[in-house]
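Single-structure report; data block below.
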Amino acid sequence: MFQVEEIRKEFPILQRTVYSKPLTYLDNGATAQKPRVVLETVNKVYSELNSNVHRGLHYLSEECTEWYEASRGEIARFINAREKEEVVFTAGATASLNTVAQAWGSRFVHAGDNIVISEMEHHSNIVPWQFVSERTGAEIRVLPFNDEGALCLDRLPQLIDSNTKVVAVTQASNTLGTRPDLEQVIRAAHAVGAIAVVDGCQGVVHGGVDVQALDCDFYAFSGHKLYAPTGVGVLYGKRVLLEAMPPFMGGGDMVDRVSFEKTTYAPIPLKFEAGTSNFVGGIGLGEAVKFLRGLDLKAVEEHEHELVRYATDEMMKIDGMRIYGNTADKCAIISFNVDGIHASDMGMILDKLGVAIRTGMHCAEPVMTHFGVPGMCRASFALYNTAEEVERLVAGVKRAVGMLR
């Protein structure tokens, strides 16, 4: 049995109070809390090993480099990359997706080509491709979703053609919780020679990923949503594609030889890791992955699914409640509004009750446009949340409704 109370003991921040109320943290889709092992690891690196990686021959640098590269290996195993060199450390998923758009897109996308993006994408998987479109003249095409939150995959044959170079899609929507049939999308992309770029920020947390089985070409995620430090993320790419791409940024550590006549580049993944890396974050991400690998991840997923089911059942009893995204296999996210109540007002009242949710557009404005709303409330669950916290959320929403109507 999944012992959530034992898990909660590993997350110190969950023991605190807010406005004299127990903290009920339901904003995990924005950033997750950190287990003690990650906090202790970050402190250990700074207090005992702090030294730039890949640069020095002295003890601290070599020890730090060894730990950093071991973390890369842990992450490669976690996502089942073919080799650790296919794991590039970045500043986060946004940096990962921009790297693909700028480095791969600058070389392989041209006028007359098209880029297919799903309507439910986070801005980080939309705006970088708009940059490419503006620079090259390539067309942006949108794969829509229906009012249940499911992608309209029957539209793929009309959108993807011989001029398609990129298909960009989320593994799990940060707003609707939808988990699209990625295998079908990726097959359609590969059938015309296009690459498939997957935003895995929510998917890697809720259910995980096997990048080889998925056969995606690029996969991006952030550490801070995966119980790791902020400011670090991963870009997975197939070796053949990473080697074909020019670097995105220039500087130290990504070069082989530098002269004023010509510069040659380091092999992957260092070619895409210019400058001093966030080695503390990378090491912390490796420890977060080890922490997760020590759990029964299937039991974690079932626990989160039960929280969503319970919360959905109870919230739908509230008059005027609307939940956005109702696919059967959605991940641990509930976005909602109550008729006549602004999302920000709901969020402020819940905050005073100790319940932390997200309000606004969730960096997914096209989703708001689809439903004709200025914003939504979002409760996003993690492995340490409990049924009691669901009850606090529901009680808080009821109290807010009573106050605001």
Side-chain angles (χ1 to χ4, degrees), residues 28-35 38 41-42 45 53 67-81 84-104 121-129 168-172 174 197-206 208-209 211 214 216-238 241-242 245 247-249 251 253-254 268-292 362-364 380 382:
N28 299 285
T31 195
Q33 301 303 338
K34 322 306 175 192
V38 170
T41 294
V42 169
V45 176
V53 296
W67 202 352
Y68 181 68
E69 290 301 328
S71 293
R72 195 190 305 272
E74 285 286 348
I75 294 160
R77 286 187 290 275
F78 185 65
I79 65 174
N80 196 31
K84 73 183 183 72
E85 288 75 18
E86 294 180 324
V87 171
V88 178
F89 282 117
T90 69
T94 297
S96 298
L97 293 166
N98 273 272
T99 297
V100 179
Q102 299 303 322
W104 194 92
E121 296 307 304
H122 187 282
H123 294 167
S124 294
N125 209 17
I126 298 175
V127 179
W129 299 112
V169 66
T170 184
Q171 186 184 10
N174 76 314
V197 181
V198 177
D199 174 358
C201 278
Q202 304 298 332
V204 74
V205 183
H206 305 297
V209 67
V211 292
L214 190 60
C216 58
D217 299 290
F218 295 100
Y219 185 91
F221 66 92
S222 294
H224 69 101
K225 300 180 194 295
L226 196 65
Y227 313 105
T230 58
V232 69
V234 164
L235 170 63
Y236 157 81
K238 292 178 178 176
L241 298 176
L242 291 174
M245 292 160 52
F248 174 39
M249 293 192 298
D253 214 29
M254 52 74 66
I268 64 168
L270 297 184
K271 181 169 74 168
F272 299 103
E273 295 182 6
T276 297
S277 63
N278 181 2
F279 56 88
V280 180
I283 291 170
L285 178 52
E287 291 302 309
V289 164
K290 286 169 66 175
F291 171 79
L292 290 170
H362 317 306
C363 296
S380 48

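Just so it is clear, the values below take in all heavy atoms, side chains as well, and ignore hydrogens, waters and symmetry mates.
Between V87 and F78, every side-chain heavy-atom pair lies at or beyond the 4.5 Å cut-off. At a threshold of 4.5 Å between non-hydrogen side-chain atoms, the residues V204 and Y219 count as touching. Within the 4.5 Å cutoff, the side chain of L226 has heavy atoms near those of the V289 side chain. Using a 4.5 Å heavy-atom threshold, the side chains of L285 and V234 count as touching. By the 4.5 Å heavy-atom criterion applied to side chains, P229 and V38 are counted as neighbours.
Here the straight-line distance linking atom CG of L97 with atom CD of E121 works out to 9.0 Å at 0.5 Å rounding. The structure places CG of N28 at 9.5 Å from CD of Q202, a figure rounded to the nearest 0.5 Å. Separating the NE2 atom in H123 from the OG1 atom in T94 is a distance of 11.0 Å, to the nearest 0.5 Å. Annotation: the span from F248 atom CZ to M254 atom CE amounts to 11.5 Å, rounded to 0.5 Å. Atoms SG and CD1, on C216 and I79 in that order, are 8.0 Å from each other to the nearest 0.5 Å. If you take CD1 on I75 and OG on S71, they are separated by 6.0 Å, rounding to the nearest 0.5 Å.
With hydrogens and angles ignored, the 3.5 Å screen pairs no side-chain donor or acceptor of S96 with any backbone N or O of A220. With N125 contributing its side chain and T170 its backbone, the two residues share no donor-acceptor pair below 3.5 Å. For H224 (side chain) and A30 (main-chain N/O), a donor-acceptor pair under 3.5 Å exists by modelled atom type. Although no hydrogens or angles enter the test, the distance criterion places no donor-acceptor pair under 3.5 Å between the side chain of T41 and the main chain of G284. Side-chain atoms of H122 come within 3.5 Å of backbone atoms of S124 as a donor-acceptor pair (strictly under, hydrogens ignored).
Under the salt bridge (Lys or Arg N to Asp or Glu O under 4.0 Å) criterion, E74 pairs with R77, R293, sequence neighbours left out.
Residue pairs meeting the side chain to side chain donor-acceptor pair (under 3.5 Å) criterion with at least one member in residues 225-236, sequence neighbours excluded, do not occur.
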For residues 271-279, which side-chain donor-acceptor pairs fall under 3.5 Å, sequence neighbours excluded?
residue: K271; atom: NZ; partner: L242; partner atom: O; Å: 3.1
residue: K271; atom: NZ; partner: E243; partner atom: O; Å: 3.3
residue: K271; atom: NZ; partner: M245; partner atom: O; Å: 2.7
residue: E273; atom: OE1; partner: R72; partner atom: NH2; Å: 3.2
residue: E273; atom: OE2; partner: R72; partner atom: NH1; Å: 2.7
residue: E273; atom: OE2; partner: R72; partner atom: NH2; Å: 3.4
residue: E273; atom: OE2; partner: F89; partner atom: N; Å: 2.9
residue: T276; atom: OG1; partner: N52; partner atom: ND2; Å: 3.0
residue: S277; atom: OG; partner: Y68; partner atom: OH; Å: 3.3
residue: N278; atom: OD1; partner: G281; partner atom: N; Å: 2.8
residue: N278; atom: ND2; partner: G231; partner atom: O; Å: 2.9

